[in-house]
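Report on the following structure.
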Amino acid sequence: MQDIFVKDIAQYLGQEVRLKGWVRNIRSSGKLLFIIFRDGSAEIQAVAFKPEMGEQAFEEAKRLTLESSVILTGVPQKHQKKTGEYELSVSSVQVLQIAENYPISKKEHGPDFLLSHRHLWLRSTKQWALLRIRHTVYYAICEYLNDHGFFRFDSPILTPNACEGTTTLFELEYFDEGKAYLSQSGQLYLETGIMSLGRVYDFGPVFRAERSKTRKHLTEFWMMDAEAAYVEHTENMDIQENLIRHVIRTVLAKCDKELDILERDKSALQAADAPFKRMTHYEAVEHLRSKGSEIGHNDDLGAADETLITEGSQVPIFIEKWPKQIKAFYMKRDPDDDNLVLGSDLIAPEGFGEIIGGSQREDDYDQLLSRMQAENMDLEAYQWFLDLRKYGSVPHSGFGIGLERLITWMSGVHHIRETIPFPRMIYRIYP
RNA sequence: UCCGGAAUAGCUCAGCGGUAGAGCGGGUGGCUGUUAACCACUAGGUCGGGGGUUCGAAUCCCUCUUCCGGAGCCA
């Protein structure tokens with residue numbers, strides 16, 4: 001007899017097999033018992049029928065409760081009521097453990113309860129689907145980059161200095177060396193990697209101690225940073241667009257069932273796999289003001305603006321060429337306008353907001369130095385970064401994708417906290 | 001940090017000045033095709049903490065705590 005996974009059940013019709021997993025739900029009707037069984041790969045209805053399996057085995061099956069661990073032996077058959085589905089006709093039941101009073105019931109729960117039981121909530125169908133989409137998105141990003149000349153280059157997580165502003169760092173004591181910080185982005189370190197490998201990316205957790213409390217924020221999230229030598233602003237956006245479109249196609253191809261479970265509108269994702277729109281920050285502001293926003297020409301887009309800008313657009317929109325005072329010090333100035341930088345944000349459609357921030361980097365030593373001085377940065381701490389502009393500086397660009405933001409969009413889920421196994425938020429660090 | 005909202009059974013909620021309720025989950029029993037199965041019975045509560053008003057407070061007021069939603073900031 002063979003041990004198989006539920007996902008492969010169709011290949012074993014009529015043969016006795018063994019399935020190892022858990023009980024998702026159980027329904028009984030006298031001499032009949034319906035066990036909704038899952039094993040990680042998929043789920044299936046197992047039917048225990050007393051006259052066929054005998055009194056003893058049936059009594060064993062009757063002991064089962066929600067989330068009990070069990071090994072079922074039986075024969076896969078076509079589902080008697082649902083075409084295209086299968087069920088297992090159970091012949092024997094080996095109970096590993098009876099789960100008593102599993103806390104998550106079949107009815108609704110509030111977010112506080114579910115988040116406090118996140119270690120168990122992960123087993124629920126919707127969470128199972130989200131974890132699988134997360135896996136697919138992660139894999140698709142790496143696949144695209146690997147196929148386009150990028151090398152994995154791991155940036156450090158413990159760092160001596162900040163990449164973005166200094167108010168949002170998690171701080172810790174580092175032996176006798178003073179303060180160290182958890183990385184907010186591997187970008188500055190990636191810029192060293194391109195001088196060796198040409199094109200590089202990192203993928204790992206980053207940490208931001210921002211006291212933001214919205215459905216788009218986590219204090220610990222996964223970011224993919226990519227950086228490429230001799231790539232300028234426009235090509236940088238081309239790479240991002242092709243990468244995101246590859247992710248959309250991969251998710252649609254591999255996660256059809258998961259998207260159904262999440263009731264994701266797949267046609268919206270299909271429509272997003274088309275050339276992205278591009279507009280300058282100036283054009284975006286003009287457009288927003290015509291729609292009633294009070295945004296100014298030197299302002300960042302607010303949450304409402306992000307939704308408004310993509311209204312009526314099926315594809316993501318790049319907003320490029322930003323006023324330099326609202327963007328980071330390392331972005332390259334626009335040669336056509338000294339007040340602008342060659343940065344771009346990618347805004348997802350359907351109100352999902354910003355998913356990528358990228359830019360061409362300042363490669364001129366003097367320009368970078370004066371910008372850092374203007375922002376009162378600790379030049380000594382960034383000497384290594386300035387060195388890159390002294391020894392073979394080249395035009396280069398890069399971008400960072402927030403993995404969970406991208407998953408939120410792909411899956412259509414309401415809150416980012418469901419897209420990572422254990423979300424870290426301002427008021428929650430358990431479990 | 002700021003602005004709103006909420007806290008009652010294990011869970012989701014109703015009750016909004018006069019004897020603490022329902023559904024789900026748990027337990028017991030019934031049912032040969034169930035789909036959050038169903039039916040019957042049953043156990044289960046310092047109404048978030050503290051203070052006040054009142055003959056009487058889950059209910060009105062004050063305060064603290066916790067959580068949720070949103071803003072700013074960001075990916």
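The chains referred to below are lettered A, B, ... by the order of the sequence lines, with proteins before strands, and numbering in each begins at 1. Both backbone and side-chain heavy atoms feed into the values below; hydrogens, waters and symmetry mates do not.
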(message) Starting the side chain at C-beta, find the nucleotide from B:U12, B:G69, B:A75 nearest to A:Phe113.
(response) B:U12
(message) Please classify the nucleic acid contact of A:Arg24 as base, sugar-phosphate, or nothing, using heavy-atom distances under 4.0 Å.
(response) nothing
(request) With sequence neighbours left out, write down each residue that passes side-chain hydrogen bond (donor to acceptor under 3.5 Å, both in side chains) with A:Thr307, or none if nothing qualifies. (result) none
(message) Suppose we call two aromatic rings close when their centres sit under 6.0 Å apart. Are A:Phe203 and A:Tyr138 close by that rule?
(response) yes
(message) Taking the basic N atoms (NZ, or NE/NH1/NH2) and the acidic carboxylate oxygens, is any pair closer than 4.0 Å for A:Asp39 and A:Arg24?
(response) no
(message) Under 3.5 Å for both donor-acceptor distances, Watson-Crick or wobble: does B:A40 have a partner, and if so which one?
(response) B:U28
(request) Can you figure out which of B:C11, B:C68, B:A75 approaches the side chain of A:Phe221 most closely? (result) B:A75
(request) Mark yes when over 12 heavy atoms from residues, nucleotides or ligands other than A:Phe170 sit less than 6.0 Å from its CZ; otherwise mark no. (result) yes
Report, one pair per line, the protein and nucleotides 70-73 of chain B atoms (nitrogen or oxygen only) whose separation is under 3.5 Å.
{"residue": "B:G70", "atom": "OP1", "partner": "A:Arg215", "partner atom": "NE", "Å": "2.5"}
{"residue": "B:G70", "atom": "OP1", "partner": "A:Arg215", "partner atom": "NH2", "Å": "2.3"}
{"residue": "B:G70", "atom": "N7", "partner": "A:Lys213", "partner atom": "O", "Å": "3.4"}
{"residue": "B:G72", "atom": "O6", "partner": "A:Lys213", "partner atom": "N", "Å": "3.1"}
{"residue": "B:G72", "atom": "N1", "partner": "A:Arg211", "partner atom": "O", "Å": "3.3"}
{"residue": "B:G72", "atom": "N2", "partner": "A:Arg211", "partner atom": "O", "Å": "3.4"}
{"residue": "B:C73", "atom": "O2", "partner": "A:Ser212", "partner atom": "OG", "Å": "3.4"}
{"residue": "B:C73", "atom": "N3", "partner": "A:His217", "partner atom": "NE2", "Å": "3.0"}

(request) In plain terms, say whether A:Glu404 and A:Arg417 are close enough for a salt bridge, that is, a side-chain N and a carboxylate O under 4.0 Å apart. (result) no
(request) Tell which nucleotide pairs with B:U1, taking only Watson-Crick or G-U wobble pairs whose two distances are both under 3.5 angstrom. (result) B:A71
(request) Answer yes if the ring centres of A:Phe422 and A:Trp121 are under 6.0 angstrom apart, and no otherwise. (result) no
(message) Below the 4.0 Å mark, does B:C68 have OP1 or OP2 next to a side-chain nitrogen or oxygen of A:Arg428?
(response) yes
(request) Determine, for nucleotides 27-33 of chain B in 5'-to-3' order, which nucleotides have protein heavy atoms under 4.0 Å from the base (write B), from only the sugar-phosphate (write S), or from neither (write -). (result) ----BBB
(message) Check A:Asp305 with A:Arg289, please: is the shortest side-chain N to carboxylate O separation under 4.0 Å?
(response) no
(request) Report yes if a side-chain nitrogen or oxygen of A:Arg27 is closer than 4.0 Å to either non-bridging phosphate oxygen (OP1 or OP2) of B:C39; otherwise report no. (result) no
(request) Answer yes or no: is there an ion pair linking A:Arg264 with A:Asp256, defined by an N-O contact shorter than 4.0 Å? (result) no
